[in-house]
Amino acid sequence: MADTIFGSGNDQWVCPNDRQLALRAKLQTGWSVHTYQTEKQRRKQHLSPAEVEAILQVIQRAERLDVLEQQRIGRLVERLETMRRNVMGNGLSQCLLCGEVLGFLGSSSVFCKDCRKKVCTKCGIEASPGQKRPLWLCKICSEQRE
């Protein structure tokens, strides 16, 4: 299939075909590429040192933010694993998290939507307040969602 060329003079660009678009999607690159440029046109597109410095600062800031986000996620995962290790109840007649007896003489219980275990209202989190039938999650499932 032939490429379609748009524009004239210095602003020519090629509309990529489906095969090129699929390849660019796999490589996670853009789908519009300027082509058919002369060497003189390419030289005009070089960045100034100030522009290069600004771009490098943005990239470095993004890398720092990525590191901070990875650390935050690591802390969340560690906290989640700790909560799972410290489970005290069976989730049926006892609160899954604190082990408190549930039912007629014990605490009131709620049903976690995700894990389908019972927890007391102290260990449950109301995920959709204000609705007719509130959605409850145990703290473990709430952390998992986060």
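None of these values were measured; they are calculated from a predicted model.
Distance SG/C123 to CG/L137: 13.0 Å, rounded to 0.5 Å. Residue L102 holds its CG atom at 8.0 Å from CD of Q94, rounded to the nearest 0.5 Å. The distance from the SG atom of C98 to the NZ atom of K139 is 8.5 Å, given to the nearest 0.5 Å.
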Test side chain to side chain contact (heavy atoms under 4.5 Å, CB included) applied to D114 and R145, step by step: CA-CA 10 Å; D114 288 356; R145 282 189 176 192; 3.0 Å; yes

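By the 4.5 Å side-chain criterion applied to Ile, Leu, Val, Met, Phe, Trp and Tyr, W136 is assigned to a cluster that also includes L80, M83, V87, L96, L97, V110, V119, I140.
By the 4.5 Å heavy-atom criterion applied to side chains, L76 and R79 are counted as neighbours. Counting heavy atoms from C-beta on, the side chains of C120 and S108 never come closer than 4.5 Å.
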In a table with atom names and distances, give each donor-acceptor pair under 3.5 Å that connects a side chain of residues 57-65 to protein atoms at least two apart or in another chain.
unit_1 : atom_1 : unit_2 : atom_2 : d
Q57    : NE2    : E53    : OE2    : 3.4

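No donor-acceptor pair closer than 3.5 Å links the side chain of S142 to the backbone N or O of C138. When atom types are taken as modelled, the side chain of E51 and the backbone of S48 share a donor-acceptor pair closer than 3.5 angstrom.
Taking both residues in full, the closest heavy atoms of E126 and P134 are given as OE2-CB, 3.1 Å, listed atom of the first, atom of the second, then distance. Nearest heavy-atom pair, R116 versus K113, reported as atom, atom and distance to 0.1 Å: NH1-O, 3.1 Å.
Checking R84 against Q144 by side-chain atom types alone, a donor-acceptor pair falls below 3.5 Å.
Here S93 pairs with N90 under the side chain to side chain donor-acceptor pair (under 3.5 Å) rule; sequence neighbours left out.
With respect to E78 and R75, no salt bridge is recorded, no charged nitrogen being found less than 4.0 Å from a carboxylate O.
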